[in-house]
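Right, one structure below, let's go through it.
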Amino acid sequence: MYWNSLSEFLAMGGYGFYVWGSFGLTFAVMTIELWLLKKRQKRVMQLVKQEAI
Amino acid sequence: MGLLASNRELTADNLVGVRGDRLLFEKLNFKCSNGTVLYLQGANGTGKTTLLRTICGLSKPHAGVIKWCGENINALAEDFHQHVLYIGHLPGIKEDLTALENLQFSLALSGSNVMEDKATAVLKMLGLAHGLNLPTRMLSQGQKRRVALARLWLQDLPLWILDEPFTALDTSATDLLKQKIEAFAHDGGIVVMTTHQEVTLHVPKFEQLRLDA
Amino acid sequence: MGLLASNRELTADNLVGVRGDRLLFEKLNFKCSNGTVLYLQGANGTGKTTLLRTICGLSKPHAGVIKWCGENINALAEDFHQHVLYIGHLPGIKEDLTALENLQFSLALSGSNVMEDKATAVLKMLGLAHGLNLPTRMLSQGQKRRVALARLWLQDLPLWILDEPFTALDTSATDLLKQKIEAFAHDGGIVVMTTHQEVTLHVPKFEQLRLDA
Amino acid sequence: MKNLATKSGFNWLKYASPKTFYPLAGKLIPWCAISAATLIAYGLYIGLLVAPTDFQQGEGYRIIFVHVPAAWFSMFLYLLMALYAGMGLVFNAKLSYLMATAIAPTGAMFTLLALVTGSLWGKPMWGAWWVWDARLTSELILLFLYIGYISLQAAIDDKTRADKASAVLALVGAINVPIIFFSVKWWNTLHQGSSISLTKAPAMAAIMLQGMLIMAIGFWLYSIAVILMRVRCEILERDSKTAMFRQD
Amino acid sequence: MHKKLSTFSVLYKILERDIKVAWRRQSDVMAVFFFFIIAASLFPLGSGADPKLLNAMAPSVLWVTALLSCMLSLSRMYASDYADGTLEQMMLSNQPTVLIVLMKILAHWMLSGLPLVFVAPLIGLQFNLSGAQLQILALSLLMGTLALSLIGSIGATLTLGIRGTGVLIAILVLPLYIPVLVFGAGAVNAVSIGVSPNGALSLLGAVLAMALVFAPLASTAALKIALE
Amino acid sequence: MHKKLSTFSVLYKILERDIKVAWRRQSDVMAVFFFFIIAASLFPLGSGADPKLLNAMAPSVLWVTALLSCMLSLSRMYASDYADGTLEQMMLSNQPTVLIVLMKILAHWMLSGLPLVFVAPLIGLQFNLSGAQLQILALSLLMGTLALSLIGSIGATLTLGIRGTGVLIAILVLPLYIPVLVFGAGAVNAVSIGVSPNGALSLLGAVLAMALVFAPLASTAALKIALE
Ligand code: HEM
Ligand SMILES: Nc1ncnc2c1ncn2[C@@H]1O[C@H](COP(=O)(O)OP(=O)(O)OP(=O)(O)O)[C@@H](O)[C@H]1O
Ligand SMILES: Nc1ncnc2c1ncn2[C@@H]1O[C@H](COP(=O)(O)OP(=O)(O)OP(=O)(O)O)[C@@H](O)[C@H]1O
Ligand SMILES: [Mg+2]
Ligand SMILES: [Mg+2]
């Protein structure tokens with residue numbers, strides 16, 4: 001483990017905004033992509049079920 | 001049908017129609033009262049479309065006046081428009097919208113608010129059941145025309161102006177439309193129309209006007 | 001008429017037509033030899049236009065083949081096109097050019113070079129005398145159609161494909177066109193056409209094909 | 001209705017029909033998703049907790065663990081998309097088109113991420129959110145190419161036509177990508193000016209490289225999972241439309 | 001059988017439909033947006049990467065590009081309604097044509113001008129503009145693009161039914177756009193050289209007010225002529 | 001009754017007709033021309049009158065404007081032939097479609113690219129460009145605009161029959177235009193900084209050659225797809 005304390009970890013040597021910004025954005029965008037896909041999947045499934053009736 | 005009950009009259013006084021430098025018709029007079037179907041005839045290019053557009057006020061006549069219940073339609077402007085239903089060569093539908101959306105919009109334009117299920121019912125009756133939710137671009141020529149004509153079943157306007165309404169329609173649609181026009185005239189509506197097809201309409205007053213003369 | 005003398009044959013083998021995701025026709029077969037008029041019938045939206053476009057090679061069939069004198073038209077490509085005259089819903093004329101210019105261009109496209117006086121004579125015969133030097137934009141609906149149809153009188157192609165050719169034509173133009181089709185069939189031409197109007201044609205072989213089935 | 005794929009005579013294409021593919025993809029997705037999550041978590045662990053600081057850039061360099069994999073996949077996915085599009089045109093195989101369609105949004109997303117994380121890196125390193133450097137500019141153009149593809153696909157609602165037309169575009173783009181990248185490079189060398197190029201990697205520590213690679217494989221598996229999910233949706237949507245039409 | 005709609009709801013329907021049509025092909029809404037981004041990025045590619053030069057070019061480049069992207073979508077404003085006959089139907093509607101025209105202009109602005117207000121600052125970052133410059137850029141675009149839609153509507157109606165409209169509209173409209181451009185870009189330039197942008201902004205406001213009064217009237221007149 | 005026309009004369013007729021149609025509405029031919037002049041003149045208006053800045057901006061501004069004006073007329077390239085059915089007839093002609101496409105591209109270039117080669121130097125004078133710069137500007141435009149028409153044709157055919165085409169074409173085509181812009185404006189910039197423009201010009205030539213080979217093929221494929 002490279003870090004000594006949590007606050008040091010969060011500060012990232014003064015680059016906190018940029019580092020956490022990049023990591024945060026990356027995973028936020030990936031999660032949103034997944035979430036949108038799930039929503040689309042649900043909608044499609046509903047449509048298919050409707051037609052099956 | 002409230003609107004249709006009262007007495008209406010459409011008259012033309014010495015109309016002169018000119019397109020470009022060409023005189024199309026001259027000294028044209030007619031008078032249509034409730035229950036009349038005025039049927040314009042004439043070879044291609046004799047000025048039927050021009051006359052219809054003049055009657056609804058889209059073009060100004062070169063000379064002469066058109067009166068609605070005794071008043072010049074140019075003076076009436078919107079007060080006249082709210083009584084007219086015009087369907088021309090162009091269908092007036094957006095290819096990006098569905099049949100239903102198109103119909104609702106064209107109804108809204110003339111200020112009437114029709115329930116969705118009523119509109120749907122009419123479209124289905126016109127054989128557009130499967131195309132209700134398709135953009136009209138994906139419809140065939142005749143299906144597009146049907147969407148445009150659907151307004152006739154949903155609006156209470158006393159004057160219809162129809163330019164070749166039977167174009168591209170198959171026989172079943174033609175029959176439906178004929179019946180609708182007949183019913184409308186019996187209820188006291190006034191229709192001015194053209195077509196190159198043979199039509200026999202059973203209406204209170206059927207008048208013909210030839211433009212070639 | 002050199003081209004028409006020889007034996008030609010248009011056949012369809014198990015055609016399947018699909019538009020978007022919709023199945024329009026299936027297992028369609030026909031065979032047209034010299035002198036045949038094949039008359040497609042069907043309500044609006046049953047796929048007549050789609051079939052005609054498939055026959056001339058504009059759309060590919062979903063399955064099945066169309067053969068011209070025994071060869072697949074997709075393989076023939078331009079060698080097939082030089083035998084086909086297609087007139088669709090769209091007139092294929094430029095509104096900025098005059099009737100004569102339009103006619104000459106559409107003839108040139110299929111490689112035939114027709115004298116100006118010959119073309120002028122046909123346009124006059126079709127009642128377009130006064131519009132010869134007007135941009136077609138200034139013509140009426142029916143006059144535009146006449147310009148598009150004028151090619152029929154000037155080209156020696158053995159196969160005509162006509163989508164609702166009578167649309168917007170008045171009775172005199174309709175008669176002219178009917179006579180031309182009859183004469184063409186008697187000379188050994190093949191015609192595939194649709195129309196919603198009633199037509200009776202006196203031709204060597206008159207075949208009907210309903211698409212609703 | 002006849003299956004399009006069988007017509008072409010390529011045996012393997014029979015297995016590439018959407019119908020066979022749908023359940024297969026369904027089985028693959030969870031495996032890809034799980035391994036993607038694991039690898040990304042491990043990569044994050046290395047990148048954020050284990051790797052030491054960079055002696056030049058301080059902790060700011062840690063952005064590399066997301067930036068570089070995103071940049072790689074932005075380019076790789078474009079090539080893959082063009083490949084599928086080309087196969088679609090050549091073999092008239094529906095599934096190929098579907099794959100190309102499904103890849104585009106993910107590719108565009110990674111391009112956007114490379115741009116944004118790059119900017120977030122650039123601000124502390126260069127003092128500017130953006131410089132007109134050859135590599136950055138190329139990446140921006142790549143985003144435009146993706147946008148073009150997606151816009152065209154969205155603008156045509158006849159799906160068959162949309163597939164084919166956007167496939168043509170993807171191929172044209174693929175021919176152009178090398179030319180574009182090359183021209184941008186040339187443009188930048190002519191005007192040396194003040195442009196700052198991305199520094200040569202300073203003998204990257206093995207642990208950093210390891211973290212980056214793990215992260216990249218994680219992103220790759222994520223892409224596969226997401227793309228397969230999207231293909232499945234696409235198959236169902238198109239299929240259900242067919243069913244809808246058949247009813248009347 | 002049916003009830004009458006109020007003027008307000010008819011107008012709302014017109015606005016709603018324009019937005020719905022545009023939304024149906026989301027690509028359309030996005031398109032003006034992306035055009036702006038892509039076209040603005042072309043200038044650095046044409047001129048090399050000198051940040052000082054880029055910064056000096058930025059106000060004019062961004063404003064001219066915004067202007068061109070609003071203008072590009074003008075031909076779409078009435079053309080399709082004209083081609084398919086909807087416009088005829090609108091003229092035959094029982095609502096005053098001026099109001100209908102105003103709604104169409106509003107829809108155009110919401111779909112093509114407004115989005116630019118939000119992206120322009122982002123692109124501004126690529127040209128190294130400062131915070132103050134970015135702020136004034138956004139503000140001037142907010143007022144300016146509405147004026148562009150209003151003035152543009154005149155060009156769009158005048159050229160209805162004429163083929164090859166895109167370029168013709170451009171010629172008609174660009175000279176009328178000049179005041180908007182001069183005051184809009186002028187406001188940003190003022191910040192660059194450390195002068196107050198208020199003068200330029202209030203002149204821009206005056207242009208906007210004039211356009212609000214006259215443009216709908218002129219468009220209505222042009223429409224009537226086009227349909228005759 | 002009639003004689004057969006040679007391939008050559010059919011192709012010539014196609015070219016002739018496009019030019020005739022454009023000529024019939026002279027406004028169209030003039031339009032690209034004027035758009036270029038007006039748009040290029042907007043930049044000085046937007047940026048104040050610093051002659052040094054203008055001179056530095058000039059190559060990119062002139063080239064980007066030329067590019068945009070060629071692009072604006074793209075939507076006209078096939079659209080009207082598509083709408084009125086002439087394009088169908090062309091596909092059914094007994095000539096190979098590639099050749100027909102090539103003729104349409106040539107006509108587009110002659111009507112929208114070529115005129116710019118002649119006005120651009122005039123506008124260049126307004127930006128204080130030197131004689132050598134003006135020469136290379138004209139030469140690079142001569143080659144570049146042909147490449148623009150070729151590449152543009154791909155965008156135009158891909159978007160046939162899609163509404164709101166203008167902006168969509170722009171998005172498709174602008175990224176593909178970048179090499180042409182870089183080498184074209186690059187050649188002029190090279191002269192400005194005293195370097196030989198030959199490198200840039202020969203690269204531009206290479207791009208043009210590539211476009212000549214691939215663009216007609218891609219357009220033909222796109223056309224067939226559009227008409228299917
Ligand atoms: C083609 C896409 C890109 C690739 C393949 C890529 C790849 C890389 C790689 C491998 C590194 C680390 C090694 C090195 O320092 O050279 C890096 C560093 C960096 N990248 Fe990128 N990158 C791309 C795009 C971008 C973009 C679009 C931006 C900014 C908007 C950006 C900003 C940075 C910064 C600021 C660094 C650190 C700079 C430095 O070490 O001096 N990159 N990139
Ligand atoms: N825009 C125009 N400018 C000048 N003249 C025109 C214009 N449009 C039509 N015309 C001319 O006006 C005449 C009448 O046209 P109109 O469209 O009214 O005929 P129509 O009777 O409706 O014919 P059709 O039966 O073919 O529809 C035509 O001879 C035509 O040449
Ligand atoms: N671009 C398209 N995309 C998807 N489906 C379409 C498209 N064009 C037409 N269709 C569908 O294909 C069917 C057949 O259309 P087609 O135009 O061939 O009919 P048609 O028999 O010619 O009808 P009409 O008599 O009305 O001209 C229609 O039901 C229509 O909904
Ligand atoms: Mg008429
Ligand atoms: Mg049809």
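Order of the sequence lines sets the chain letters (A, B, ...), proteins ahead of strands, with each chain counted from 1. Reckoned from all heavy atoms, side chains included, excluding hydrogens, waters and symmetry mates. This is a predicted model, so every value here is computed, not measured.
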Check each atom of [X] against the heavy atoms of chain A and say whether the ones under 4.5 Å are side chain, backbone, both or neither.
{"X": "D/L113", "answer": "side chain"}
{"X": "D/M229", "answer": "both"}
{"X": "D/L112", "answer": "neither"}

- Query: With chain A, which of D/I63, D/I40, D/L44 has the greatest number of heavy-atom pairs at distances under 4.5 Å?
  - Reply: D/I63
- Message: Would you compute the distance between atom CZ of A/F23 and atom CG of D/L120 and round it to the nearest 0.5 angstrom?
- Response: 11.5 Å
- Task: Measure the CZ-CZ distance between D/R232 and A/R40 for me, rounded to the nearest 0.5 Å.
- Result: 12.5 Å
- Any D/T117 side-chain heavy atom under 4.5 Å of A/L25 side chain: no
- Message: With a sphere of 6.0 Å drawn around OH of D/Y42, does it hold more than 12 non-hydrogen atoms of other residues, nucleotides or ligands?
- Response: no
Side-chain donor-acceptor contacts of residues 26-33 of chain A below 3.5 Å, not counting sequence neighbours, with atom names and distances?
residue : atom : partner : partner atom : Å
A/T26   : OG1  : A/S22   : O            : 2.6
A/T31   : OG1  : A/F27   : O            : 2.4
A/E33   : OE1  : D/Y222  : OH           : 2.4
A/E33   : OE2  : D/T106  : OG1          : 2.8
A/E33   : OE2  : D/R230  : NH2          : 2.9

